[in-house]
Amino acid sequence: MKQLLKRLIFVAAAAICLAEAMILNTASKDGFYSGMLISGIHVGVLSNLTDGHQLEDVGMQVVYQLARRSIVKVVVKDAAGSGIVWKIKDDSIVIVSSRHLLMKDVKAQVTFCDEESAAAEIIGYSQQYDIGFLKIDDKNVTANILRDIYEAVPVDKADAPAEQSVLQIGADLSGNKEHFSTGTILGVGYEPVFNTNVLKTNCYSKAGMSGGGVFDIGGRLLGMISGGEVAENAEVREAEVSYSLPVALIADEYDNLNR
């Protein structure tokens, strides 16, 4: 614990003028799942855009730079997905990801945005929802990783108003870059397939973005991508409407795990 705290202090001092944020997310080849986390203010250049698009809105450029630093790739046995940095503890980093991915084993490999990897232990799952958590012990965490994610803050549990602009971002399972899309919130409502209220957006999502995060223009995490509407005759599994599990639900499930 002391060793990790010393490294955190060192990293914070080196980056005192660069407040950065993190996000929670998960992704899977088999579906659309996600989670997220937020923090900080960071002014930087737009990079690693894998979809051939450009973000014209300066505010969204900042949100993108914050979000991508908390998105991780999670590999469990022969399956890969996405995850999001959920919490930094004194002795470990907690990642949220999809339950269906994490249930494949008790160990995982996590790759951060700087392409560094670390071994992780799966610590539990939700009993009702496609949410799971894993942790990386301090002995597996480098100063470079901490530099990117050290300033995590509690997620915002406030309701998301309809029609506000959002950014969705998730891991690209074929590499270490991110896929993203922008759009607006269509509303929040109960969906039987998820057995809970979900956040509905008109952002597209595809395999590899599952487990990614939905962020507002202020960089706040609103939800974790968990599904999408795909046309029956679609040749490619890409959804034009996405469903995300609200941050408050993820927070409740994490609290239940630690009781």
* Check N140 against A118 and note the closest heavy-atom contact, atom names and distance. => O-CB, 3.5 Å
* Minimal non-hydrogen separation, V76 against K107, with atom names -> CG1-O, 3.7 Å
Which pairs would a plain distance check flag for residues 192-201, meaning a side-chain donor or acceptor within less than 3.5 Å of a matching protein atom at least two apart in sequence or in another chain?
from : atom 1 : to   : atom 2 : distance (Å)
N195 : OD1    : Y190 : OH     : 3.2
N197 : OD1    : Y190 : N      : 3.0
T201 : OG1    : Q168 : OE1    : 2.6
T201 : OG1    : C203 : N      : 3.4

* Heavy-atom closest contact (Q128 atom, R99 atom, distance) -> N-NH1, 3.9 Å
* Do we see a donor-acceptor contact under 3.5 Å between the side chains of S117 and T111? -> yes
* How many angstroms lie between CD in E240 and CD in E229, if you round to the nearest 0.5 Å? -> 9.5 Å
* Non-hydrogen atoms of G132 and L102 that approach each other most closely -> C-CD1, 3.4 Å
* Asked: In Å and rounded to the nearest 0.5 Å, what is the NZ to CG distance from K104 to D78?
  -> 7.0 Å
* Asked: How far apart are the C-alpha atoms of Y254 and W86, what are their side-chain angles, what is the distance that settles it, and do they pass the side chain to side chain contact (heavy atoms under 4.5 Å, CB included) test?
  -> CA-CA 9 Å; Y254 180 72; W86 178 256; 3.6 Å; yes
* **Side chain to side chain, L167 and D216, heavy atoms closer than 4.5 Å** => no
* What's the shortest heavy-atom distance between V110 and A120, and which atoms? -> CG2-CB, 3.9 Å
* Counting distance only, does the side-chain N/O of S98 pair as donor-acceptor with the main-chain N or O of D130 below 3.5 Å? -> no
* Between K139 and D137, is there a side-chain N and carboxylate O pair less than 4.0 Å apart? -> yes
* Residue list, side-chain hydrogen bond (donor to acceptor under 3.5 Å, both in side chains) with N202, at least two apart or on another chain -> T184
* Structure fact -> In terms of heavy-atom contacts, K73 and A80 come closest through CE-CB, 4.2 Å
